Amino acid sequence: DGGITQSPKYLFRKEGQNVTLSCEQNLNHDAMYWYRQDPGQGLRLIYYSQIVNDFQKGDIAEGYSVSREKKESFPLTVTSAQKNPTAFYLCASSIGSGTLSNQPQHFGDGTRLSIL
Amino acid sequence: GQQVMQIPQYQHVQEGEDFTTYCNSSTTLSNIQWYKQRPGGHPVFLIQLVKSGEVKKQKRLTFQFGEAKKNSSLHITATQTTDVGTYFCAGRVPSGSARQLTFGSGTQLTVLP
């Protein structure tokens, strides 16, 4: 079955600690995305990548970093500079060729990050 | 930045009643997508509308894109308990600097049996 795998499902971070959220897809999609979801709010775009070795900041990139060394993988690091990291983080992918905003996005099951 | 407003934020209905959620933008959208997120789950793509005045149906769900491409609606006829979840719209301004979709805040639907 093709899909997007996010791990871990739950993650706890200590103050001043960096943590990395994993996102792997086997859909052969070129584009991948990271969103943050807070209670009662929509999804806000953190970073996106249209192809390997390239990524762009979204609306709320401060305090986050990403890499895209492989087509299948798009890990997100929540750095200590992110002062309010408690949220539900969703990774998504889409086909990638053409206009990204016209493409349906496929989402993983998410990682819930909490501060200890 | 681009704002996509969605109302209502919450809606409780009795099973069998109809439900509608509305999505509004102050600027013209190039397209609108709708997603459903079940409680504890992840968003799942439902449909995309591109043309002015477009109407699409999926069984009991009817999606509309306004003539001015600034608003959209999702209407569910005769709701069932399986319709429970949060419905999000997402759209993009065609000529803006943002290249990606902006999601509305969602409408959380509760269906009472």
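Here is the naming used below: chain letters follow the sequence lines, and residue numbers restart at 1 for every chain. Note that the structure is a prediction, hence the values are computed from the model and not measured.
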Same cluster or not: are [X] and [Y] linked, directly or through other Ile, Leu, Val, Met, Phe, Trp or Tyr residues, by side-chain heavy atoms under 4.5 angstrom apart?
X	Y	result
V19(A)	F74(A)	yes
M32(A)	Y64(A)	yes
L113(A)	W34(A)	yes
F55(A)	L90(A)	no

Inset, instruction - Inspect the surroundings of CD in E17(B) and state if more than 12 heavy atoms from other residues, nucleotides or ligands are less than 6.0 Å away. - result: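 Yes, enclosed.
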
Legend entry - Crowding at CD, E69(A) (>12 non-hydrogen neighbours, <6.0 Å):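 Result for CD/E69(A): open.
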
Inset, instruction - Would you mind checking which part of Q108(B) comes under 4.5 Å of any heavy atom in chain A, side chain (CB onward), backbone (N, CA, C, O), both or neither? - result: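 Answer is neither: Q108(B) stays 4.5 Å or more from chain A.
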
Output the distance between atom [atom1] ([X]) and atom [atom2] ([Y]), rounded to the nearest 0.5 Å.
X	Y	atom1	atom2	value
T86(B)	Q37(A)	OG1	CD	7.5 Å
Y48(A)	L101(B)	OH	CG	11.0 Å
F103(B)	D59(A)	CZ	CG	11.5 Å

Inset, instruction - Tell me, please, which residues at least two apart from D38(A) pass salt bridge (charged side-chain N to carboxylate O under 4.0 Å, His left out). - result: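 If we apply the salt bridge (charged side-chain N to carboxylate O under 4.0 Å, His left out) test to D38(A), skipping adjacent residues, the hits are R36(A), R44(A).
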
Inset, instruction - Measure distances from Q41(A) to the heavy atoms of chain B and classify the residue's part below 4.5 Å as side chain, backbone, both or neither. - result: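 For Q41(A), the backbone is the part near chain B, not the side chain.
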
Legend entry - Side chain / backbone / both / neither for L43(A) at chain B, heavy atoms under 4.5 Å: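 Both the backbone and the side chain of L43(A) come within 4.5 Å of chain B.
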
Legend entry - Side chain Y35(B), main chain Q105(A), donor-acceptor under 3.5 Å: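 Yes, the answer is positive, given that a donor and an acceptor are paired below the 3.5 Å cut-off.
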
Inset, instruction - Output the residues of residues 42-55 of chain B for which the shortest heavy-atom distance to chain A is under 4.5 Å, in residue-number order; output 'none' if no such residue exists. - result: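 Interface residues of residues 42-55 of chain B: H42(B), P43(B), F45(B), Q48(B).
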
Inset, instruction - List for me each residue that meets side-chain contact (heavy atoms from CB on, under 4.5 Å) alongside S80(A), sequence neighbours excluded, and say none if there are none. - result: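 Here the qualifying residues are N18(A).
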
Legend entry - Test side-chain hydrogen bond (donor to acceptor under 3.5 Å, both in side chains) applied to S73(A) - qualifying residues, sequence neighbours left out: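 Applying side-chain hydrogen bond (donor to acceptor under 3.5 Å, both in side chains) to S73(A) gives E24(A).
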
